[in-house]
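A short write-up of the structure that comes next.
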Amino acid sequence: MSVRYRAIGKNMQFKVIRLGTFLLRLTLFIAAATAIVAGAPRIALAANPLLSKVGGSSGAQQPGSLDSFLDEARKAGSTVIVVKPDEPKKVERPEAVGMSLSSTTLLQARANVSKMFHNTRLFVTGLPAILKSEGSDGSLFWVTQALATAFGGLMLGTLLFRATARWGRDHFGYVYNPNEKRRSGKLQYLLGRAGWMLLSTGIMFVTAILVAVVFDTGEEASRKTIFVIISTYAGYKIFRHVILYNFLAPDVPAHRLVNLSNEAAHRLYRDWSVVLGVSAFIIGICRWIEELELNNDAQRLGFIVGMLISAVMFGALAIRHRNELYEMRLGSGDPRKKPAWRRVLALSVLPLILLYLAVAWFVSSIRLSLGLPGGYLLVGAPIIVFVVAILAYGVAIYLLELIYEARATAFRREQILKSLAEHRAWRRAQAAQEIAANRNEDERDLLEDGEEMSVHTPVERPKDRPREFTPAFKDFFENAIQAVILV
């Protein structure tokens with residue numbers, strides 16, 4: 001019996017040992033799984049000798065262990081980031097990026113440009129493969145289809161542009177006055193024509209977009225390519241037909257605001273159109289690379305080289321037409337009668353243009369090579385200033401015309417009232433004279449020899465033609481506005 005109980009006890013002891021072993025293994029397994037789930041912090045803790053000292057080997061923190069850890073971190077030169085769980089996340093504000101033309105900055109810019117040249121060379125070499133990867137079928141068919149869709153839409157839009165412009169010219173031709181002398185009248189005609197051309201350009205743009213929607217293939221790269229081509233051409237049309245064409249007015253010399261001959265206006269318009277076309281092509285290529293995210297270095301280098309080409313062309317154009325620029329800035333009239341400051345300012349236009357082109361290209365190239373913002377602003381700033389100056393000039397001239405029109409209306413009203421008062425006084429005087437004359441006739445019959453009779457002098461009839469209004473200082477204010485805004 002005792003042997004039996006002893007055997008049962010041994011079996012129970014063995015089962016307890018097995019159960020304890022199982023529980024121990026289960027505990028180790030759960031601990032290992034927990035360690036694997038939370039593995040990153042634990043691994044990072046074990047990888048840093050300093051961090052492993054914080055918790056100790058048993059996992060129980062001792063008082064002052066964080067302080068000792070921080071002391072050891074300071075001695076070792078390590079950086080410690082303490083995160084408070086309940087602390088709200090701070091939003092970091094980007095610091096203002098500046099640029100100093102130091103030797104370090106220039107050397108870094110040169111190194112970046114060299115790197116951009118290398119990456120651009122690799123990009124041009126692998127461009128066919130890159131474009132194939134943009135298509136869903138791995139071929140270049142999407143490029144051909146995008147170009148055909150974009151140019152087909154632009155051709156149809158251009159036909160509608162010309163038809164709309166022709167319709168406006170036929171229906172609003174009466175607005176044109178070949179003998180217009182007032183600047184406000186000239187400006188009104190040019191702004192109206194510019195607005196109609198802007199509307200025609202909008203019709204062209206919408207038509208090209210509709211064609212792109214009809215023939216859409218679903219390729220994202222194709223859509224971006226089509227939009228870049230259409231929008232770039234629309235911008236070129238706005239600058240050429242809406243702004244430049246109406247500013248130089250080569251076809252309507254009676255409404256031209258600037259002091260240019262017909263031949264000079266045609267020549268300037270032709271040359272500036274060529275430069276604008278080349279610049280629009282360069283900008284379109286750079287925008288296409290940027291929109292498709294093909295290569296950032298190629299896009300920035302392309303813009304730097306394109307800006308250099310455009311700056312050289314603009315500079316050569318300014319030198320070629322320096323006499324026209326001088327006449328435009330000086331204004332109409334005898335140059336010898338112009339004030340000295342205006343002649344000096346007109347002469348300084350050419351060197352100022354060349355200086356700005358050189359400085360703007362250099363600074364923009366440095367900023368683009370360093371990856372700093374604002375590299376494109378210096379190039380677009382003259383265009384923005386030019387457009388704003390034309391609008392400001394138009395508003396100022398229009399307000400000046402309104403002021404003088406109000407003064408002329410008040411002057412004419414005063415002249416009419418004055419003329420009516422003079423005519424009423426004349427009629428009263430004339431009636432009084434007629435009464436006096438009749439009385440004198442009666443008295444003449446009663447006169448005796450030697451007596452005198454008063455004779456009234458006839459009243460002179462007032463002039464029916466009133467005095468004309470003279471806009472004093474109007475030419476002075478118009479020239480001052482032109483000098484301040486456009487010059």
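Reckoned from all heavy atoms, side chains included, excluding hydrogens, waters and symmetry mates.
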| side-chain hydrogen bond (donor to acceptor under 3.5 Å, both in side chains) between S222 and Q145, worked out | CA-CA 8 Å; S222 177; Q145 193 170 13; 6.0 Å; no
| field | Shortest non-hydrogen contact from R287 toward T232 | value | NH1-OG1, 3.1 Å
| note | In short, H266 meets P250 closest at the heavy-atom pair NE2-O, 3.0 Å
| Which of parallel (below 30°), tilted (30 to 60°) and perpendicular (above 60°) describes Y174 and F172? | tilted
| What pair of heavy atoms forms the shortest contact from R322 to I319, and how long is it? | NH1-O, 2.6 Å
| request: For the pair S310 (side chain) and M307 (backbone), establish whether a donor and an acceptor sit closer than 3.5 Å, ignoring hydrogens and angles. | output: no
| said: Nearest 0.5 Å, please: how far is CZ in F303 from OG in S364? | reply: 7.5 Å
| Backbone of I304 reached by a side-chain donor or acceptor of W361 within 3.5 Å | yes
| request: Sorted by first residue and then second, give each salt bridge (Lys or Arg N to Asp or Glu O under 4.0 Å) pair with at least one member in residues 246-256; sequence neighbours left out. | output: R193-D251
| task | Would you please say whether a donor-acceptor pair under 3.5 Å links the side chains of S200 and R162? | result | no
| said: I need the I353 CD1 to L325 CG distance, nearest 0.5 Å. | reply: 5.5 Å
| field | Any L357 side-chain heavy atom under 4.5 Å of V312 side chain | value | no
| task | Report yes if the side chains of I203 and F161 come closer than 4.5 Å at any heavy-atom pair, otherwise no. | result | no
| request: Could you check whether the rings of F205 and F227 sit parallel, tilted or perpendicular, using 30° and 60° as the cut-offs? | output: perpendicular
| query | Quick one: does W142's side chain have a donor or acceptor within less than 3.5 Å of a partner on L131's backbone? | reply | yes
| said: Give me the atom names and distance for the closest heavy-atom approach of A109 to I366. | reply: CB-CD1, 3.9 Å
| said: Under a plain distance cut-off of 3.5 Å, with no hydrogens placed, do Q299 and N295 share a side-chain donor-acceptor pair? | reply: no
| field | Minimum side-chain heavy-atom gap R223-D216 below 4.5 Å | value | yes
| message | If we ignore hydrogens and angles and just use 3.5 Å, is the side chain of H241 paired with the main-chain N or O of A194 as donor and acceptor? | response | no
| Under a 4.5 Å cut-off applied to non-hydrogen side-chain atoms, are N246 and L191 in contact? | no
| request: Answer yes or no: does atom CZ of F281 have more than 12 heavy-atom neighbours from other residues, nucleotides or ligands under 6.0 Å? | output: no
| Smallest separation among heavy atoms of S273 and Y236, with atom names | O-OH, 3.8 Å
| request: Determine the minimum heavy-atom distance between A234 and T201, stating which atoms define it. | output: O-CG2, 3.9 Å
| query | Should the pair W272 and F314 be assigned to parallel (<30°), tilted (30 to 60°) or perpendicular (>60°) ring geometry? | reply | tilted
| F141, CZ atom: more than 12 neighbouring heavy atoms under 6.0 Å | no
| query | Do R300 and S369 meet the criterion of a side-chain donor-acceptor pair at a distance under 3.5 Å? | reply | no
| request: Look at the side chain of H321 and the backbone N and O of L317, then say whether any donor-acceptor pair between them is shorter than 3.5 Å. | output: no
| message | Strictly below 4.0 Å, N to O, side chains only: are D297 and K115 in salt-bridge contact? | response | no
| Considering residues, nucleotides and ligands other than Q188, do more than 12 of their heavy atoms fall under 6.0 Å from its CD? | no
| request: Can you sort out the partners of L156 under side chain to side chain contact (heavy atoms under 4.5 Å, CB included), two or more places apart, ordered by chain and number? | output: T207, V211
| Any chance NZ of K132 has more than 12 other-residue heavy atoms, nucleotides or ligands included, within less than 6.0 Å? | no
| task | Determine whether N112 and L370 make a side-chain contact, defined as any pair of heavy atoms from C-beta on separated by less than 4.5 Å. | result | yes
| task | Decide, yes or no, whether a salt bridge links R267 with E263 under the criterion of side-chain N to carboxylate O below 4.0 Å. | result | yes
